[in-house]
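Both counts, for ligands and for their atoms, begin at 1 and track the order of listing. Sequential numbering from 1 along the given sequence is applied to the chain's residues. Hydrogens, waters and symmetry mates are skipped; everything else that's a heavy atom, side chains included, is used.
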Amino acid sequence: MYIILLGAPGAGKGTQAVMMAEKLKLVQVASGDLFRQALAQQTGLGKKAKGYMEKGQLVPDEITIQMVLERLARPDVKNGAILDGFPRNIQQAKALDKALAAQGKKIDKAVYIKVSEGELLKRLGGRWICRNCQAPYHEVDSPPRAKGKCDRCGGELYQRADDNVTTVKKRLEVYFAETSPLIDSYKRAGKLLEIQGEGSAADVNGRIVAALR
Ligand code: ADP
Ligand code: ZN
């Protein structure tokens with residue numbers, strides 16, 4: 001089963017991807033995490049992506065598509081995956097369909113997590129993320145039990161460089177212009193599950209699991 005998560009930055013894709021991966025026994029593939037890993041390891045890919053990420057722009061398709069398709073060629077995802085952050089525009093969606101079709105596979109469902117713009121801005125402002133397992137926290141809405149430390153794995157929490165006001169605005173702009181048209185395209189394909197993304201992470205997860213059944 002291949003599932004795509006759609007939704008704006010701050011909609012909760014990362015949180016839900018982790019929860020769904022556990023419940024559905026699927027591996028989560030997050031393009032943003034792949035880029036951040038490359039950046040931390042200072043690989044050629046990381047160096048190419050850095051400037052775009054800092055500005056809140058999309059990394060060019062040829063770089064992104066190659067990176068994600070290479071990840072999807074690994075054995076742990078040969079029977080399915082939860083895709084978070086990819087595809088993010090029509091060209092990426094086409095490249096993904098083509099690559100899966102070449103192996104007789106397809107995207108089964110696109111889960112669209114819907115959250116109002118005001119809520120998105122609020123969430124991204126106070127976001128802290130685990131360096132080790134990428135679990136996200138919010139300083140007001142969902143603080144960790146111990147300050148600066150991940151509840152799940154004890155890892156150190158940090159704030160993403162692109163979670164600043166200017167970059168957040170740009171990321172939302174890019175989302176509405178380039179990514180949100182995918183919602184209609186998966187709807188037309190009969191694959192869209194629209195989920196109300198406000199409320200607790202557990203509630204949202206319950207809605208997603210119910211919709212997938
Ligand atoms: P968010 O969804 O919260 O904006 P991500 O972690 O998914 O954050 O992505 C962070 C950054 O990585 C993006 O702003 C962009 O620069 C880059 N990126 C991630 N996924 C893609 C993609 N599919 N295509 C192009 N750039 C991407
Ligand atoms: Zn952690």
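Side-chain contact of N79 with K105: a donor-acceptor pair under 3.5 Å is absent, judged by distance alone.
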Next on the checklist: For a side-chain hydrogen bond (donor to acceptor under 3.5 Å, both in side chains) check, start with the C-alpha distance between S116 and E198, then their side-chain angles and the critical distance, and finish with the verdict.
Outcome noted: CA-CA 8 Å; S116 72; E198 299 189 28; 3.2 Å; yes
Checklist entry - Checking side chain to side chain contact (heavy atoms under 4.5 Å, CB included) for the pair T64/F35: CA distance, chi angles, key distance, verdict? => result CA-CA 9 Å; T64 307; F35 281 130; 3.5 Å; yes
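In terms of polar-atom proximity, defined here as any N/O pair under 3.5 Å, R160 does make such a contact with ligand 1. Note: an N/O pair closer than 3.5 Å links V59 and ligand 1 by distance alone.
Salt bridge status for K169 with E173: absent, with no side-chain N to carboxylate O gap under 4.0 Å. A salt bridge does not link D33 with R71: none of the charged nitrogens is closer than 4.0 Å to a carboxylate oxygen. Looking at K149 and E156, no side-chain N of the basic residue comes within less than 4.0 Å of a carboxylate O on the acidic one, giving no salt bridge. Between R171 and D163, at least one side-chain nitrogen of the basic residue sits less than 4.0 Å from a carboxylate oxygen of the acidic one, meeting the salt-bridge criterion. Between E117 and K122 there is no salt bridge, since no side-chain N of the basic residue sits under 4.0 Å from a carboxylate O of the acidic one. Under 4.0 Å is where a charged nitrogen must lie from a carboxylate oxygen, and between D108 and K106 at least one such pair does.
In this structure, atom 3 (O) of ligand 1 lies nearest to the protein heavy atom R171 NH2, 2.8 Å. Counting protein heavy atoms only, atom 15 (C) of ligand 1 is closest to Q57 O, 3.4 Å. Atom 13 (C) of ligand 1 has R88 NH2, 3.9 Å as its closest protein atom, hydrogens excluded (heavy atom only). With respect to atom 27 (C) of ligand 1, the closest heavy atom belonging to the protein is F35 CE1, 3.7 Å.
Rounded to 10°, the angle formed at the Zn ion (ligand 2) by C153 SG and C130 SG is 100°. When rounded to 10 degrees, the angle formed at the Zn ion (ligand 2) by SG (C133) and SG (C150) equals 110°.
The proximity of L58 to ligand 1, defined as any non-hydrogen pair under 4.0 Å, involves the side chain as well as the backbone.
Close contacts of ligand 1 with S31, meaning ligand atoms under 4.0 Å from a residue heavy atom, involve 19 (C), 20 (N), 21 (C), 23 (N). Taking every non-hydrogen atom of Q92 and a distance limit under 4.0 Å, the qualifying atoms of ligand 1 come out as 22 (C), 23 (N), 24 (N), 25 (C). Listed by number with element, the atoms of ligand 1 under 4.0 Å from a non-hydrogen atom of P9 are 1 (P), 2 (O), 3 (O), 4 (O). Shown in contact with R36 at under 4.0 Å from a heavy atom are these atoms of ligand 1, numbered in order with element: 6 (O), 10 (C).
At least one heavy atom of R127 lies less than 4.0 angstrom from ligand 1.
A 6.0 Å sphere centred on CD of Q66 holds no more than 12 heavy atoms belonging to other residues, nucleotides or ligands.
In this comparison of K13, K50, E54, M53, the heavy atom closest to atom 11 (C) of ligand 1 sits on M53.
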